[in-house]
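Notes for the one structure printed next.
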There are 2 protein chains.
Amino acid sequence: MSLPHAILTALLEKPSSGLELTRRFDRSIGYFWPSTHQQIYRELGKLEQAGHIRVLPAARPARGQKKEYEVLPAGREALREWVALAEDPRPVRDPLLLRMRAAAVVGAPGLAGELRRHLALHREQLAEYLEIERRDFPPERTADEDRLRRLVLRGGIDLETFWTGWLTRAIDELDGPGPEGGSPDAPTP
Amino acid sequence: MSLPHAILTALLEKPSSGLELTRRFDRSIGYFWPSTHQQIYRELGKLEQAGHIRVLPAARPARGQKKEYEVLPAGREALREWVALAEDPRPVRDPLLLRMRAAAVVGAPGLAGELRRHLALHREQLAEYLEIERRDFPPERTADEDRLRRLVLRGGIDLETFWTGWLTRAIDELDGPGPEGGSPDAPTP
DNA sequence: CACCGTTGTGCAACTAGTTGCACAATGGCG
DNA sequence: CGCCATTGTGCAACTAGTTGCACAACGGTG
């Protein structure tokens, strides 16, 4: 039940059309709740149906024609209620860790390479977050409502820092001592 | 496409029935790929259909009667192929970060409490992982095939360490300086 | 003007995970 | 013996996310 609330948040920050929303997702909310345009359009329909948002009167409704949405009081209220809810962290679900577990059983040629590839990706993401921090949250100003947004960004940064750290250590250990990849099926000759 | 491979891995470690598998998931593979018994039974059916696993002859097939599965060579091969695949990390999808973002817009009464609740949960999980490390991976022995399993566990530990660290700092900042919760709708009087 | 790339909206089918429930076999207990 | 908790298997319906595609409007270019 997160996507509709992600959309409400984005629309409250700025009324937008479906495509604008999609683009903005790609470089803000989408970092921790990614979504395709198809999904967004579908959800916009449902939100309008539910009376949580409406099309801005300025825009005329025609296929292939821009439709700007804005949040209605009911939508704001729904979002507020959702924020107040207690919700447990969703369980981790990570294929890479799973594959390492499988590699322990059936052998792991090339696993170190895959880890390096992931490391590069996470480093990239980390750099992107740091750039955003530099640009949007310079050390001096700590405007009050920005504090939460800043914390969220910090979360992203810390998360990528965890990954780069762990991957680095894992790679070190894998192609450092002993047989490469730890494969029981292909021990070092 | 991860669940079937998670199951193959578990079955290679030890042939099991559906329910045994479910239980073992809860305290090993399930930490990073949780799954319900319904899902597991369904997947076991598909894997058998595909010729990747089979029912051990010892067990007789009757409703309400235990069925032990073992992995066939084809299944082992399929798992090996999957391990060798390159697969990008799946995008983060975290409702808590999303809610903080929403809180920046509609106000956040009680958010700090929710963060504390999450902190407690993550501390618990961390303790569980550390206990497993203490029990299964004492510092001296580093048996070769265990290296990967140990790294995976390390991943879990580091991940929970990230969460507890970030949450602690977030809580500090939230109810430390300035108005509580950073709510724009309910500024401190 | 005809073509084509871009912007914009959207449907349909599929995949994977969740929730709720049904029901058979077994073994212990009153 | 009849009841019931436990172990064990499984179906059905639902929810959310993914993939593939269709098609309208607009603006520029040959």
Side-chain angles (χ1 to χ4, degrees), chain A residues 1-8 11 15-26 29-50 53-56 58-69 82 87-95 98, chain B residues 1-8 11 15-26 29-50 53-56 58-69 82 87-95 98:
Chain A
M1 288 297 302
S2 292
L3 179 58
H5 302 105
I7 291 177
L8 287 174
L11 283 183
S16 311
S17 70
L19 197 60
E20 278 168 4
L21 218 40
T22 305
R23 291 205 224 283
R24 286 173 50 215
F25 255 64
D26 288 344
I29 291 184
Y31 286 130
F32 30 87
W33 205 275
S35 185
T36 59
H37 68 104
Q38 291 94 325
Q39 231 184 322
I40 287 173
Y41 281 117
R42 202 196 302 168
E43 210 60 49
L44 283 171
K46 285 189 202 167
L47 284 167
E48 191 181 12
Q49 208 71 31
I53 61 175
R54 65 160 182 180
V55 178
L56 275 178
R60 56 270 106 123
R63 191 174 173 99
Q65 215 58 10
K66 191 147 94 170
K67 277 202 286 182
E68 289 243 303
Y69 288 95
W82 178 73
E87 190 181 352
D88 285 353
R90 44 174 42 197
V92 180
R93 209 164 245 145
D94 188 298
L98 207 57
Chain B
M1 289 301 299
S2 292
L3 179 58
H5 302 105
I7 291 178
L8 286 174
L11 283 183
S16 312
S17 70
L19 198 60
E20 279 169 3
L21 219 40
T22 305
R23 291 204 223 282
R24 286 174 49 216
F25 255 64
D26 287 345
I29 292 185
Y31 285 130
F32 31 86
W33 205 276
S35 187
T36 59
H37 69 104
Q38 292 94 326
Q39 230 185 321
I40 287 174
Y41 281 117
R42 201 194 305 166
E43 210 61 48
L44 283 172
K46 286 189 200 165
L47 283 168
E48 192 181 13
Q49 208 71 31
I53 62 175
R54 66 161 181 179
V55 178
L56 274 177
R60 56 269 108 119
R63 193 178 173 96
Q65 215 58 10
K66 192 148 94 169
K67 277 201 286 185
E68 289 243 305
Y69 289 95
W82 179 73
E87 190 180 353
D88 285 353
R90 45 174 40 199
V92 181
R93 209 166 243 144
D94 189 297
L98 206 58

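First the proteins, then the strands, lettered A, B, ... as listed; each starts at 1. Quick note: numbers below take in every heavy atom, side chains included, and nothing from hydrogens, waters or symmetry partners.
Residues passing the side chain to side chain donor-acceptor pair (under 3.5 Å) test with Ser2(A), sequence neighbours excluded: none. Contacts of Tyr31(A) classified as ring pair (Phe, Tyr, Trp, His ring centres under 6.0 Å), with partners at least two apart in sequence or in another chain: Tyr129(A). Glu20(A) meets the salt bridge (charged side-chain N to carboxylate O under 4.0 Å, His left out) test with Lys66(A); sequence neighbours excluded. With sequence neighbours excluded, no residue forms a side chain to side chain donor-acceptor pair (under 3.5 Å) with Arg90(A). Not a single side chain to side chain donor-acceptor pair (under 3.5 Å) links Arg93(A) to another residue, sequence neighbours left out. Partners of Glu43(A) under the side chain to side chain donor-acceptor pair (under 3.5 Å) rule, at least two apart in sequence or in another chain, do not exist in this structure. Not a single salt bridge (charged side-chain N to carboxylate O under 4.0 Å, His left out) links Arg42(A) to another residue, sequence neighbours left out.
Among the nucleotides dT9(D), dT9(C), dT18(C), the one closest to any side-chain atom of Gln39(B) is dT18(C). In the set dG10(D), dG17(C), dT18(D), dG10(D) carries the atom at the smallest distance from any side-chain atom of His37(B). Looking at the side chain of Thr36(B), the nearest of the listed nucleotides dG10(C), dG17(D), dT19(C) is dT19(C). Set against dG10(D), dT18(C), dG17(D), the side chain of Tyr41(B) has dG10(D) as its closest nucleotide. Taking every side-chain heavy atom of Lys66(B) into account, dT9(D) is the closest of dT9(D), dG17(C), dT19(D).
Asp26(B) places its CG atom 15 Å from the C1' atom of dT7(D), with the value rounded to the nearest Å. Spacing between atom CD1 of Ile40(B) and atom P of dT7(D) amounts to 17 Å, rounded to whole angstrom units. If you take CG of Leu44(B) and P of dG8(D), they are 14 Å apart, rounded to a whole angstrom. The interatomic distance linking Glu43(B) (CD) with dG10(D) (P) rounds to 14 Å, in whole Å. At whole-Å resolution of the value, NZ in Lys67(B) and P in dA24(C) are 16 Å apart. Asp94(B) has its CG atom 17 Å from the C1' atom of dG17(D), to the nearest Å. In this structure, OH of Tyr69(B) is placed 14 Å from P of dG8(D), rounded to the nearest angstrom.
When side chains are defined from C-beta on, Lys46(B) does not count as touching Pro4(B), because their heavy atoms never get closer than 4.5 Å. Side chains of Leu44(B) and Glu48(B) form no contact here, defined as non-hydrogen atoms less than 4.5 Å apart.
Residue contacts for Ser35(A): at a heavy-atom cut-off of 4.0 Å it reaches no nucleic acid atom on any strand shown.
Minimum heavy-atom separation, Ile40(A) to Gly18(A): CG2-O, 4.2 Å.
Gln38(B) contributes no side-chain N or O that forms a donor-acceptor pair with the base of dG17(C) under 3.5 Å.
Applying the 4.0 Å criterion to OP1 and OP2 of dT18(C), one finds that Arg93(A) has a side-chain N or O inside that range. Phosphate proximity of dA16(D) to Arg90(A): absent, as no side-chain N or O sits under 4.0 Å from OP1 or OP2.
Interface residues of residues 18-25 of chain A facing DNA chain C, ordered by number: Gly18(A), Leu19(A), Arg23(A); criterion, heavy-atom separation under 4.0 Å.
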Give me, pair by pair, the N or O atoms of the protein and of nucleotides 13-15 of chain C that are less than 3.5 Å apart, along with how far apart they are.
none

